[in-house]
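Reviewing the structure listed below.
When a ligand or atom number is given, it counts from 1 through the structure's own listing order.
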Amino acid sequence: MTGSVLIFDSGVGGLSVAAALRRYYPRARLSYACDNAWLPYGLRPDALLTQRIVDVCRAAVAVCRPAALVVACNTASTLALEPLRRTLTIPVIGTVPAIKPAAALSHTRHLGLLATTATVGRPYTQRLIERFAADCRVTRIAADALVTEAEAWLGGATPSPARVNAALTPLWQAASADTPLDTVVLGCTHFPLLTPWLATLSPVPLAWVDSGDAIARRVGQLVAPLAGAGVNGQAFATAPQPALARALLSHGFQRPQHLSVAAC
Ligand code: DGL
């Protein structure tokens, strides 16, 4: 049996990527690490965050010894993939906004990009748009409040329609513009966890596109064969949090162990 695939996020967002990996590879052994002590990443300054991501991933890889690391976080991937790849000796698969598949789907050539404040403003994101959606208008919406809603939802609370609507007012407006946006990139891994809510609250039908399938395919190219018993491995968190433990347990992971992070 090969080693596990370690999924990393700031919080529960990586569970949307775990679901995609599980769909593609029912027998894979998945492990999970999250930096909930620093959540939300999307509002942290870049320089501090880069070092923190490297430190946390290095600590998680040292205890978990996975075959590959999936950085299941757009905010981390658009910032720190290069330093991670320089530091770690295993394959590192990132998660970046699914601009290319969204552009291929859109009929109106108007896309929405829903992501954290950090991700919507990153040069990496700008390059993706220039490369894959040069003929599209892209309305960028920073929706950090949805990270909190997704954390609460997976921890057992009901998302607040009022708060979701408040965060998405610019999206609903762009969906009713003269040239309406018809396709939304879910550029934060927390957001696919809320898709049923988003779709219900949307005043018009929209296509919601995330990166889960693309990541799963990439993992399959780099880590072969993904064979195991279909049982998830360990989970790690940087802070004790009962709601997080509930979310991980209900998604088939073990109760998270404390991950201690030494700054290097
Ligand atoms: N899940 C992370 C992402 O994909 C971000 C959440 C956060 O702000 O911590 O960007």
Side-chain angles (χ1 to χ4, degrees), residues 6-21 32-46 48-57 60 69-81 84 92-99 102 112-126 128 140-155 159 163-164 167-168 184-195 198 208-216 218 235-239 241 243-244 247-248 251 253 256 259 261:
L6 176 62
I7 298 165
F8 166 72
D9 182 40
S10 54
V12 299
L15 292 175
S16 69
V17 175
L21 287 169
Y32 201 92
C34 63
D35 188 12
N36 56 326
W38 268 49
L39 182 119
Y41 272 5
L43 297 171
R44 300 262 179 197
D46 284 3
L48 279 180
L49 191 56
T50 305
Q51 190 58 53
R52 173 71 181 183
I53 291 163
V54 170
D55 291 341
V56 174
C57 288
L69 172 69
V70 173
V71 182
C73 175
N74 295 260
T75 308
S77 300
T78 52
L79 182 68
L81 278 180
L84 281 171
V92 176
I93 297 102
T95 304
V96 298
I99 302 286
L113 169 61
L114 208 58
T116 62
T117 296
T119 299
V120 296
R122 288 251 160 83
Y124 194 116
T125 304
Q126 179 59 28
L128 284 178
R140 303 169 196 221
I141 297 160
D144 302 278
L146 296 188
V147 172
T148 313
E149 292 302 311
E151 289 285 327
W153 168 230
L154 264 74
R163 282 197 294 268
V164 173
L168 295 185
V184 184
V185 177
L186 297 172
C188 168
T189 53
H190 280 72
F191 300 168
L193 301 169
L194 295 172
T195 305
L198 306 182
W208 306 90
V209 182
D210 65 56
S211 310
D213 286 354
I215 298 161
R218 186 72 186 134
F236 302 91
T238 52
Q241 190 187 352
L244 172 72
L248 287 168
H251 283 73
F253 288 93
L259 179 67
V261 180

Original post:
What do you reckon, does Thr116 have a nitrogen or oxygen under 3.5 Å from a nitrogen or oxygen of ligand 1?
Top reply: no
In this structure, atom 10 (O) of ligand 1 is nearest to the protein heavy atom Thr75 OG1, 2.6 Å
Original post:
Asp9 and Tyr41: side-chain contact (heavy atoms from CB on, under 4.5 Å), yes or no, with the steps?
Top reply: CA-CA 9 Å; Asp9 182 40; Tyr41 272 5; 5.9 Å; no
message = For the backbone of Thr119 and the side chain of Thr125, can you confirm whether one donor and one acceptor N or O come within less than 3.5 Å of each other?
response = yes
Looking at Thr75, is its backbone amide N or carbonyl O close enough to the side chain of Arg122 to form a donor-acceptor pair, meaning the two atoms are under 3.5 Å apart?
yes
In this structure, atom 7 (C) of ligand 1 is nearest to the protein heavy atom Tyr41 N, 3.3 Å
### Evaluation steps, side-chain contact (heavy atoms from CB on, under 4.5 Å), between Val12 and Leu244
CA-CA 7 Å; Val12 299; Leu244 172 72; 3.7 Å; yes
Check your understanding: Short question: side chain of Arg52, backbone of Trp38 - any donor-acceptor pair under 3.5 Å?
Key -> no
A student checking ligand 1 against Asp9 at a 4.0 Å heavy-atom cut-off should list atoms 1 (N), 2 (C)
For atom 8 (O) of ligand 1, the closest protein heavy atom turns out to be Gly42 N, 2.8 Å
For atom 6 (C) of ligand 1, the closest protein heavy atom turns out to be Ser10 OG, 3.4 Å
So for Asp144 against ligand 1, with non-hydrogen atoms under 4.0 Å, the contacting part is neither
Under a 4.5 Å cut-off applied to non-hydrogen side-chain atoms, are Val185 and Trp208 in contact?
no
ask   = Are any of the heavy atoms in Cys73 under 4.0 Å away from ligand 1?
value = yes
